Q: 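The structure follows.
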Amino acid sequence: MLYSEKVMDHFRNPRNVGEIPDADGIGEVGNAKCGDIMKMYLKIDDDIITDVKFETFGCGSAIATSSMATELIKGKPVSKAMELSNQAVVEALDGLPAYKLHCSVLAEQAVKAAVKDYYDKNGIAYDPELFADDDDDEHGHE
Ligand SMILES: [Zn+2]
């Protein structure tokens with residue numbers, strides 16, 4: 001079986017789909033490989049992610065990882081969301097085929113982009129290093 005049951009479940013019944021009209025942070029990222037586009041909305045109260053929704057136009061893996069990523073960060077402090085790695089998302093899904101891993105990177109990037117947007121909108125100081133794009137090597141190989 002190419003995809004785990006959890007991947008299929010999150011692909012067929014994605015959690016937290018939609019948009020948050022008054023989101024505190026919005027992150028949009030994409031990859032050229034399968035043309036996935038992922039938009040992540042965060043509602044943040046007192047440094048806690050009280051709501052999160054996503055819209056993903058893309059392959060099944062992109063949808064499943066977006067869905068799982070929202071489940072992993074909902075109700076968590078912003079700092080926890082910043083620690084979310086694509087590896088953690090993939091593990092929570094019981095794995096992804098290697099050639100689909102770049103889709104899981106999008107979920108991590110979308111969450112971080114949304115947090116950065118939240119920081120920028122609220123004038124919250126942050127270390128730019130947190131958002132430095134160090135994922136290039138993960139895209140490169142194939
Ligand atoms: Zn993809």
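A quick note: this is a predicted structure, and the numbers were derived from the prediction, not measured. Order of listing sets the numbers, starting from 1, for every ligand and every atom in it. Just so it is clear, the values below take in all heavy atoms, side chains as well, and ignore hydrogens, waters and symmetry mates.
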Q: Mark yes when over 12 heavy atoms from residues, nucleotides or ligands other than Asp22 sit less than 6.0 Å from its CG; otherwise mark no.
A: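 Counting neighbours around CG of Asp22, more than 12 heavy atoms of other residues, nucleotides or ligands fall under 6.0 Å, so yes.
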Q: Ignoring waters, how many N, O or S atoms from the protein are under 2.8 Å from the Zn ion (ligand 1)?
A: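 The number of such protein atoms is 4.
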Q: So do Ser67 and Phe11 actually touch side chain to side chain, heavy atoms under 4.5 Å?
A: no
Q: With the threshold set at 4.0 Å, does a side-chain nitrogen-carboxylate oxygen contact exist between Lys76 and Asp47?
A: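 No salt bridge links Lys76 with Asp47.
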Q: Just wondering, more than 12 heavy atoms not from Tyr119 lying within 6.0 Å of its OH?
A: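 Yes, because the 6.0 Å sphere around OH of Tyr119 holds more than 12 heavy atoms from other groups.
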Q: Less than 4.5 Å apart, any side-chain heavy atom of Ser104 and any of Ser61?
A: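 Not touching, per the 4.5 Å side-chain cut-off.
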Q: Heavy-atom distance under 4.5 Å between the side chains of Glu71 and His10, does that happen here?
A: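 Yes, at least one pair of side-chain atoms sits under 4.5 Å.
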